[in-house]
J.: 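The structure follows.
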Amino acid sequence: MAKKEKKRLQVVISEEQDALLTRAAYALSSPERLVSKSEVVRLAIEKIARELEEGKAKEELEALLKHLKAEDGEEEA
């Protein structure tokens, strides 16, 4: 069977966002299975895409996006 091709994405995140990823990975992990931060990101992508397809949480996501843009503006200043 051919190996599945994967795309790599590099993003810059804040220390706070990294801490959130770490906490989420820890919360999802169990003694039998450790969940990586990369897996948390992939889960988040799937969850966001599904919610948007179902028409859910669009306003909440837009508000979060505005918050992130405001944080980016503060860091650049």
Side-chain angles (χ1 to χ4, degrees):
M1 180 180 268
K3 208 174 191 186
K4 191 174 182 180
E5 186 176 322
K6 294 183 182 182
K7 294 187 178 194
R8 297 209 177 261
L9 174 67
Q10 292 183 335
V11 295
V12 176
I13 61 173
S14 69
E15 292 286 332
E16 181 182 351
Q17 291 166 332
D18 185 60
L20 289 170
L21 273 176
T22 301
R23 284 197 301 255
Y26 182 78
L28 292 169
S29 293
S30 67
E32 299 82 31
R33 179 165 176 350
L34 294 177
V35 175
S36 70
K37 291 191 278 187
S38 294
E39 289 174 301
V40 172
V41 170
R42 290 194 296 273
L43 283 171
I45 291 167
E46 290 286 333
K47 184 174 181 358
I48 291 168
R50 285 189 184 141
E51 288 182 358
L52 288 173
E53 285 175 3
E54 296 169 2
K56 298 178 184 174
K58 187 171 182 178
E59 294 82 19
E60 182 182 352
L61 291 170
E62 287 172 343
L64 282 169
L65 189 57
K66 285 180 185 177
H67 175 74
L68 291 175
K69 285 182 180 181
E71 281 184 353
D72 286 346
E74 290 174 9
E75 290 174 10
E76 292 174 8

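From a predicted model like this one, the values you see are computed outputs, not experimental measurements.
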J.: Other hydrophobic cluster members with Leu34, side-chain heavy atoms of Ile/Leu/Val/Met/Phe/Trp/Tyr under 4.5 Å, chained?
T.: none
J.: Is Leu20 reachable from Tyr26 through a run of hydrophobic residues whose side-chain heavy atoms are each under 4.5 Å from the next?
T.: no
J.: Which other residues end up in the same hydrophobic cluster as Leu68, if Ile, Leu, Val, Met, Phe, Trp and Tyr are linked when side-chain heavy atoms come under 4.5 Å apart?
T.: none
J.: Using the test salt bridge (charged side-chain N to carboxylate O under 4.0 Å, His left out), find all partners of Glu54 that sit at least two apart in sequence or belong to another chain.
T.: Lys56
J.: Give every residue pair that meets the side chain to side chain donor-acceptor pair (under 3.5 Å) criterion with at least one member in residues 57-68, sequence neighbours excluded.
T.: His67-Glu71
J.: Does Val11 have any side-chain contact (heavy atoms from CB on, under 4.5 Å) partners at least two apart in sequence or in another chain, and if so, which?
T.: Leu9, Ile13
J.: Name all pairs fulfilling the salt bridge (charged side-chain N to carboxylate O under 4.0 Å, His left out) condition that reach into residues 10-19, sequence neighbours left out, sorted by first residue then second.
T.: Asp18-Lys37
J.: Please list, one pair per line, the donor and acceptor atoms closer than 3.5 Å that link side chains of residues 40-51 to other protein atoms, with sequence neighbours excluded.
T.:
unit_1: Lys47; atom_1: NZ; unit_2: Glu51; atom_2: OE2; d: 2.4

J.: I'd like to check the side-chain hydrogen bond (donor to acceptor under 3.5 Å, both in side chains) partners of Ser30; sequence neighbours left out, ordered by chain and number.
T.: Glu32
J.: Going by side-chain hydrogen bond (donor to acceptor under 3.5 Å, both in side chains), name the residues that satisfy it together with Ser36, two or more places apart in sequence or in a different chain.
T.: Glu39
